[in-house]
Amino acid sequence: SQGSFCSSGHAHTSLNTSCFIMSSLLRLLVGACFAGHAASEQDQCVTTAPASCHAEAKKSGIASAGMAMIQRPGHAMQRINLSLGEADAARSGVSDEVNIVVGSYNAYWWNVKKYDRWDALHTRIQEEGPFDLIGFQECEDVASVLQNSGMSDFDFFQGPDPNPSPLAWNAAAFSPIGEPGSKLVGEDQWGERWMNWVRLQHHATGSTVLFVNTHGPLNGCTSALGNNWVDGVNDNWHHGDLVFMTGDYNCGTGSTAMNLIKAVLTNAVDGGIDQILTTGHVVSGGTRPGSPSDHPLVQGVFGVPSDGPNPDAQSTPSEPAPTPSPPNSQTSECAAFDQWPSVDGGVTCGGCTALVLTAPFDGRCDKYCESFGHVCLAAAEELSENCEVKHTAECDEQISGTSDMLCTCHVPSDGRSSETQSTPSEPAPTPSPPNSQTSECAAFDQWPS
C-alpha cells in the first residue's frame with residue numbers, strides 16, 4: 001500500500017572512495033557487505049548505504065507533482081545496494097566506460113489486477129534485475145511495484161494519468177538534476193498518451209543522463225507522433241547528456257514515427273514495439289520473458305563514459321532532427337507503403353515487405369498482395385511485431401495462429417498496377433534473351449543432358 005512509503009525526503013549518500021571500494025570488494029567476495037535486517041516491507045523504508053559509510057546528513061527531496069522519494073530509517077546493521085555499473089567500477093578501477101542496466105516493461109496492469117497476479121509481476125521484475133534505470137508502461141502505482149520488487153531504494157516519477165508511463169532510477173547510482181516533466185504526445189480510444197523525462201547525474205562517472213519513457217497510442221504511428229517524441233527529447237536534452245528512451249511505442253521499426261525518433265536516438269535494443277533507444281553505446285541487450293505481462297521485458301547493458309559529460313553526445317539541442325530516408329524509396333517494384341492496406345502498427349521493412357494483418361486475407365500473402373494489384377514474392381511469420389522472420393511460408397500457404405504476417409509484394413511483371421503502368425502508347429521494352437550470360441550460371445551450351 002502506498003501509505004507505507006516515506007515521501008518527504010531523499011537520502012543522498014556520499015561514499016568516500018576507500019569505503020566504496022572496500023564495500024564493493026567485500027560484496028563480491030562474501031556475497032554481502034552487511035547482514036540484512038529482516039523487516040516487514042509494509043511498515044519499513046529502505047536506506048541505500050551502510051551507516052558506517054554515510055558522509056552527509058539526509059537532504060530534503062524534490063517537491064514535484066507525481067514525484068515520490070522512498071526512504072527507510074537506518075538500522076545499526078544494513079545492506080548496501082550497489083548498481084551493476086558501480087560494482088563494475090569498483091572491480092575494474094578507472095576505465096573508459098561504466099556499464100549500467102536499463103529496462104523497459106509494460107506491466108499489463110488491468111490484467112494483473114483483475115486476476116490478482118501481483119506476486120508473479122513482482123517476481124518477474126526482481127528476477128530480471130537488477131536495474132539502474134527502468135521505464136514502466138501500464139503501471140498505475142509504480143511506488144508499490146518498486147517496493148514489492150526489491151527496488152525500494154529507487155526514486156521515481158509517476159507522471160500523469162491516464163496511461164501512465166512512470167520511470168524509476170537507482171538512487172544509489174543517480175541523483176536528479178532539476179524536476180521531472182511530461183509532454184502530451186498523442187491520443188487514442190484509451191485516452192491521452194504521454195512521454196515523461198528526468199535529467200540525472202551518474203554518481204560513478206559524473207555523466208549527465210536524460211532519461212525518457214513513453215507509451216505510444218494505438219494505430220497512430222504518424223509523423224505527428226514521431227515529431228512530438230523528437231521535440232520532447234530535443235527540448236530537454238542538454239549539451240553533453242547521454243539519452244535513454246524506454247517505451248512501449250505501439251509502433252515498430254520502419255514506421256514513420258519510429259523513423260523520426262530513431263534518426264535522433266540512433267542506437268537501440270529492439271524488442272518490436274517495446275524498445276530502448278539511446279545516443280550511447282549498446283554493450284548488449286534483448287528481450288527477456290515478460291509473463292504475466294503480454295509484453296516482453298526489454299533489457300540492455302549500456303556504456304556510460306567515465307570522464308563525465310560527453311561534449312560530443314549532441315551537436316546542439318535546438319537543432320531539428322534530420323529528416324530520415326523514407327522507409328520505402330519508391331521504385332517500380334511496388335507501390336509506396338502508404339498505399340498498402342492493413343499494415344500492422346505501420347511496420348514496414350523495406351524491400352517491398354510489410355507486417356500486415358492476417359484476418360482480412362485468410363492468413364495468405366498471395367490474397368493480401370492481390371488486394372491492391374500486386375503479386376506475392378515471399379511470405380513469413382514475424383518473430384515479435386517486427387521485421388525479424390520466425391519462419392517462412394509459401395505465398396499461397398495459410399499462416400495461422402497469429403494476427404500478422406510478413407508479406408513481400410511486387411507489381412505484376414506486366415506492370416499493370418495503377419501506380420506503375422506505362423502509357424499505352426509506350427513501346428514495350430525489348431526483353432533480354434532467355435539466358436544473358438552472367439555469373440549466376442554457366443552458358444547453356446555447357447549444361448549436360
Side-chain angles (χ1 to χ4, degrees), residues 1-7 41-42 45-46 61-71 102-129 131 133-171 176 179-198 211-218 220 232 245-250 273-276 290-298:
S1 70
Q2 199 139 2
S4 62
F5 312 125
C6 307
S7 59
E41 289 187 349
Q42 294 198 354
C45 299
V46 166
I62 294 174
S64 171
M67 192 76 170
M69 303 299 180
I70 306 172
Q71 185 181 2
V102 183
S104 184
Y105 188 41
N106 183 315
Y108 203 26
W109 195 267
W110 73 268
N111 185 277
V112 171
K113 180 178 181 180
K114 180 178 180 179
Y115 297 104
D116 192 20
R117 304 168 76 187
W118 301 114
D119 286 347
L121 180 73
H122 301 146
T123 299
R124 171 64 61 202
I125 296 167
Q126 194 162 17
E127 287 181 347
E128 299 303 333
F131 300 97
L133 305 172
I134 185 166
F136 293 97
Q137 305 84 40
E138 294 191 36
C139 179
E140 296 179 7
D141 185 0
V142 69
S144 66
V145 170
L146 294 170
Q147 181 73 12
N148 291 294
S149 301
M151 296 191 293
S152 55
D153 52 348
F154 273 50
D155 289 345
F156 60 89
F157 177 57
Q158 176 70 37
D161 292 325
N163 304 305
S165 49
L167 34 77
W169 57 96
N170 186 348
E179 298 185 6
S182 304
K183 177 182 175 66
L184 181 66
V185 296
E187 192 168 354
D188 60 14
Q189 65 266 40
W190 304 109
E192 295 172 331
R193 301 286 183 155
W194 299 86
M195 65 188 295
N196 299 314
W197 63 83
V198 64
F211 179 29
V212 187
N213 186 38
T214 192
H215 190 185
L218 295 170
M245 184 172 178
T246 56
D248 170 3
Y249 296 84
N250 272 319
I273 61 175
D274 303 281
Q275 300 195 30
I276 303 172
S291 175
S293 175
D294 59 344
H295 289 249
L297 190 154
V298 182

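Because only heavy atoms are used, hydrogens play no part in the values below, and waters and symmetry mates are left out as well, while side chains stay in. Throughout, residue positions are numbered sequentially from 1 according to the sequence presented.
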Please give me the minimum heavy-atom distance between Q137 and T214, naming the atom from each residue. CG-O, 3.5 Å
For Y249, what residues pass the ring pair (Phe, Tyr, Trp, His ring centres under 6.0 Å) criterion, not counting sequence neighbours? W229
Hey, what do you get for CG (L167) to CZ (F157), rounding to the nearest 0.5 Å? 7.5 Å
Would the distance check show the side chain of Y105 and the main-chain N or O of I125 forming a donor-acceptor pair, the cut-off being under 3.5 Å? no
Separation between CG (L146) and CD1 (I134), nearest 0.5 Å, reads 8.0 Å
What pair of heavy atoms forms the shortest contact from G290 to R124, and how long is it? C-NE, 4.0 Å
To the nearest 0.5 angstrom, please state how far the CD atom of Q147 sits from the CZ atom of F156. 10.0 Å
H215 and N163: side chain donor to acceptor below 3.5 Å: no
E140: salt bridge (Lys or Arg N to Asp or Glu O under 4.0 Å) partners, not counting sequence neighbours: none
Rounded to the nearest 0.5 Å, what's the gap from CG on D248 to CG on D274? Could you check? 4.5 Å
Results of salt bridge (Lys or Arg N to Asp or Glu O under 4.0 Å) for R117 - residues two or more places apart only: none
Ring pair (Phe, Tyr, Trp, His ring centres under 6.0 Å) with W190: which residues, sequence neighbours excluded? none
Walk me through whether S165 and F136 qualify under side chain to side chain contact (heavy atoms under 4.5 Å, CB included). CA-CA 6 Å; S165 49; F136 293 97; over 6 Å; no
Using the test side chain to side chain donor-acceptor pair (under 3.5 Å), find all partners of D188 that sit at least two apart in sequence or belong to another chain. R193
Could you tell me which non-hydrogen atom of L184 sits nearest to which non-hydrogen atom of G186, and how far apart they are? CD1-O, 3.6 Å
A107: which residues meet the side chain to side chain contact (heavy atoms under 4.5 Å, CB included) condition with it, sequence neighbours left out? W109, L121, C139
In chain order, what residues pass the ring pair (Phe, Tyr, Trp, His ring centres under 6.0 Å) check against W194, with sequence neighbours excluded? none
Check whether any side-chain N or O of S293 sits under 3.5 Å from a backbone N or O of H295 as a donor-acceptor pair, and report yes or no. yes
Straight-line distance of Q126 CD to F131 CZ, nearest 0.5 Å: 10.5 Å
Aromatic ring pairing H122/W118, orientation class (parallel under 30°, perpendicular over 60°, tilted between): parallel
Could you pull out the closest heavy-atom pair between N250 and G216, with the gap in Å? ND2-O, 2.8 Å
List the residues meeting side chain to side chain contact (heavy atoms under 4.5 Å, CB included) with T246, not counting sequence neighbours, and say none if there are none. V102, S104, F211, N213, I276
Working to the nearest 0.5 Å, report the span between CD of E187 and CG of L218. 12.5 Å
Can you find a heavy atom in the side chain of Q158 that is under 4.5 Å from one in the side chain of P164? yes
Check against side chain to side chain contact (heavy atoms under 4.5 Å, CB included), V298 and Q275: CA-CA 7 Å; V298 182; Q275 300 195 30; 6.0 Å; no
Over all atoms of both residues, closest heavy-atom pair of S149 and V145: OG-O, 2.7 Å
Over all heavy atoms of both residues, which pair between P176 and V198 is shortest? Give the atoms and the distance, please. CB-CG2, 4.4 Å
Side chain to side chain donor-acceptor pair (under 3.5 Å) with E138: which residues, sequence neighbours excluded? N106
